[in-house]
Structure formats: C-alpha cells, structure tokens
Amino acid sequence: MCAFSIQPLLQQRCRLCHAALHDAQPLCERCYRALPHLAHACPGCALPLDARTPPGSLCGECLADPPPFDRARAPFRYRAPLNDLVSHFKYHRGLSDGRLLGELLARHIAHEGAGVDLLLPMPLHPGRLRERGFNQAAELVRVVSRVCGIPWRSDRLSRDKPGASQREANRKARLRNVRSAFHCAAKPLPARVALIDDVITTGATARAAALCLKQAGVGWVEIWAVARTPRPGDG
C-alpha cells in the first residue's frame with residue numbers, strides 16, 4: 001500500500017468559483033445559493049410568476065390554453081450563470097457542464113419527490129443529432145436516473161419531423177414547427193412518465209411531445225427541465 005495519499009491531487013473544485021469542495025456536491029454552497037432559483041412558478045408550465053400571485057396559481061397561458069402535460073418542474077430561471085452553462089454544454093460539447101446540470105436537476109427532483117415510473121429524454125431529430133453529435137437531454141436523463149433511482153428509456157419516443165431552429169422563434173412559430181413532430185413506438189409505456197429537457201422556452205416542444213405520449217395512452221406526463229425562460233421583460 002502506498003505510504004501517501006493522492007487525494008489532494010484529485011480535489012474537486014466548484015465549477016463556478018473554483019473553490020475546493022469538501023463533499024460530493026457539484027458546487028460550493030455559496031455559488032449554489034447564488035444561482036437563479038425559481039421559487040415561485042406556475043405548477044402547470046413552470047413559468048415564473050409575480051411574487052404577488054398566490055402559490056399554486058396557474059399562469060394566464062395555462063388557464064387560456066391548458067397544456068397536454070400535467071405538470072412542469074424547473075429549479076432555475078434561464079439566466080446567468082445557468083444560461084452560460086447550458087449553452088456551453090449544448091453547443092460546445094461541455095459534457096462536464098451537462099453532468100453538473102443533471103445533478104442540479106436531480107437534487108431538485110429528489111427534494112420534491114419524483115412520483116413517476118419512467119424517464120424519457122426529449123428526442124432530437126436524427127439530422128440534428130448527427131449535427132450536434134449527442135442529445136443533451138439524454139446526458140441529463142442518465143444523471144437524473146442514477147440519482148433518483150428511476151429507469152429511463154430512449155426507444156419509446158422519437159422525433160421524426162425536422163423543424164426550423166427553435167432558438168429565435170416565437171411561441172406561435174415554435175408550435176407550428178413541432179406540430180406532429182413526435183412518434184411513440186409500439187412498445188408499452190407506464191402510467192406516469194417524465195420528459196427530461198434542458199430548458200423550457202415557450203413550451204411548444206413539450207406540448208407536442210406530451211400530446212404524443214397522451215395519445216399513446218400515458219395517463220400522467222411531467223416535464224422536467226433544468227431551467228425555465230421567463231416572459232420577455234420579466235428578467
């Protein structure tokens with residue numbers, strides 16, 4: 001046995017401030033507290049709500065046009081430094097950032113309680129998958145599955161219809177882009193399913209995927225994402 005320890009050489013450091021970490025958490029406590037936590041949100045679509053809105057209230061969009069999914073959960077607002085981590089993960093193959101984001105999402109879900117039987121990554125169209133080289137949602141779902149102890153599958157839902165880039169599209173354009181874009185395989189699905197994605201922007205992709213799952217017989221569909229984009233001007 002070696003007479004010395006190499007642990008100092010393997011010291012983990014906080015991804016944001018690079019301070020030494022003394023436990024298994026991915027961030028130091030100070031940086032974790034400084035993240036843009038989403039404490040008050042619509043239970044239907046996770047849209048950030050005004051502090052004066054009563055807890056548990058649905059937003060105006062969910063009241064006017066209820067989504068086909070039953071619940072959406074997102075621990076953070078999509079703003080700095082979360083948006084930088086997501087961008088580096090998604091567009092620059094920052095897989096270590098992906099693991100961090102997956103752990104942050106899993107920490108939130110484990111604290112609240114999961115209540116689903118199966119996790120599904122939001123699928124990419126094969127052309128987009130070849131272009132990007134990986135599905136960011138699949139990287140997230142691996143971490144959430146391991147931490148929360150929930151099985152996951154990638155062969156139950158596919159995206160068969162390519163669409164225009166969703167990054168700059170408004171809600172109406174996004175809905176048009178993803179209409180009938182998803183397909184459920186002729187394989188059994190449990191009663192309660194969670195779809196995993198990185199960011200909920202307008203919710204158009206989540207609506208289309210959830211509708212496909214509901215039409216395939218799933219009784220309860222949740223959307224779990226790392227972050228939720230606020231309305232323009234809400235910050």
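Predicted model, so just to flag it, every value in this text is computed and none were measured.
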Check against side chain to side chain contact (heavy atoms under 4.5 Å, CB included), I200 and I223 = CA-CA 9 Å; I200 303 171; I223 309 299; 3.8 Å; yes

Derivation and outcome, side chain to side chain contact (heavy atoms under 4.5 Å, CB included), residues E222 and V193 | CA-CA 6 Å; E222 295 196 12; V193 166; over 6 Å; no

How far apart are the C-alpha atoms of E112 and R71, what are their side-chain angles, what is the distance that settles it, and do they pass the salt bridge (charged side-chain N to carboxylate O under 4.0 Å, His left out) test?
-> CA-CA 13 Å; E112 284 197 344; R71 185 182 182 187; 3.4 Å; yes

What do the steps show when you test V141 against L120 for side chain to side chain contact (heavy atoms under 4.5 Å, CB included), and what is the final call?
-> CA-CA 7 Å; V141 83; L120 302 175; over 6 Å; no

Could you go step by step and tell me if I196 and W152 meet the side chain to side chain contact (heavy atoms under 4.5 Å, CB included) rule?
-> CA-CA 10 Å; I196 309 294; W152 72 281; over 6 Å; no

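Closest heavy-atom contact between L105 and A225: CD1-O, 3.5 Å. Shortest non-hydrogen contact noted between C14 and C31 is SG-SG, 3.8 Å. For the pair R13 and A20, the tightest heavy-atom approach, listed with the atom from each and the gap, is NH1-N, 3.5 Å. The two residues C212 and L157 make their nearest non-hydrogen contact at SG-CD1, 3.9 Å. Taking each heavy atom of R73 and A114 in turn, the nearest pair found is NH2-O, 2.8 Å. What you find for P67 and G44 is that their closest heavy atoms are CG-O, 4.4 Å.
L101 and L16 end up in the same hydrophobic cluster when Ile, Leu, Val, Met, Phe, Trp and Tyr side chains are linked at under 4.5 Å. In terms of hydrophobic clustering, with Ile, Leu, Val, Met, Phe, Trp and Tyr side chains grouped at heavy-atom distances under 4.5 Å, L85 and F89 are assigned to a common cluster. The hydrophobic clustering, which links ILVMFWY residues whose side-chain heavy atoms are closer than 4.5 Å, places V144 and L104 together. Under the 4.5 Å side-chain contact rule for hydrophobic residues, V116 and M122 do not share a cluster. Side-chain heavy atoms closer than 4.5 Å link hydrophobic residues (I, L, V, M, F, W, Y) into clusters, and following such links, even through other members, never connects L95 to V143.
Between C17 and C28, some side-chain heavy-atom pair lies under the 4.5 Å cut-off. Side-chain contact between Y91 and R132: present, with at least one pair of heavy atoms (C-beta onward) separated by less than 4.5 Å. Residues P43 and S57 form no side-chain contact, since every pair of their non-hydrogen atoms from C-beta on lies 4.5 Å or further apart. Taking the side chain as every heavy atom from C-beta outward, L124 and Q136 approach each other to under 4.5 Å. The side-chain heavy atoms of V199 and T229, taken from C-beta on, include a pair separated by under 4.5 Å. Counting heavy atoms from C-beta outward, V86 and D97 have side chains that stay 4.5 Å or more apart. Counting only heavy atoms from C-beta outward, the side chains of L82 and R77 never approach each other to under 4.5 Å. Two residues are said to be in side-chain contact when any heavy atoms from C-beta on lie closer than 4.5 Å; F76 and R228 fail this criterion.
For an aromatic pair to be called close, the ring centres must be under 6.0 Å apart, and F182 with H125 fails this.
Remark: the backbone N or O of P190 is not paired with any side-chain donor or acceptor of D117 at under 3.5 angstrom. With hydrogens and angles disregarded, a donor-acceptor distance shorter than 3.5 Å links the side chain of H40 to the backbone of T53. Panel note: side chain K214, backbone F69; no donor-acceptor pair is recorded below 3.5 Å. Checking side-chain atoms of S158 against main-chain N and O of D160 turns up no donor-acceptor pair under 3.5 Å. Checked by atom type and distance alone, the side chain of D65 never pairs as donor or acceptor with a backbone atom of C62 at under 3.5 Å. Listed for the R142 side chain is no donor-acceptor partner under 3.5 Å among the backbone atoms of R99.
Here the CZ-NZ distance, from R93 to K90, works out to 15.0 Å after rounding to the nearest 0.5 Å. To the nearest 0.5 Å, atom CD of residue E61 and atom OG1 of residue T202 are 8.5 Å apart. If you take CZ on F134 and CG on L129, they are separated by 9.5 Å, rounding to the nearest 0.5 Å.
A cation-pi arrangement is present between R107 and Y32 under the rule of less than 6.0 angstrom and at most 45 degrees off the ring axis.
With respect to R79 and D84, no salt bridge is recorded, no charged nitrogen being found less than 4.0 Å from a carboxylate O.
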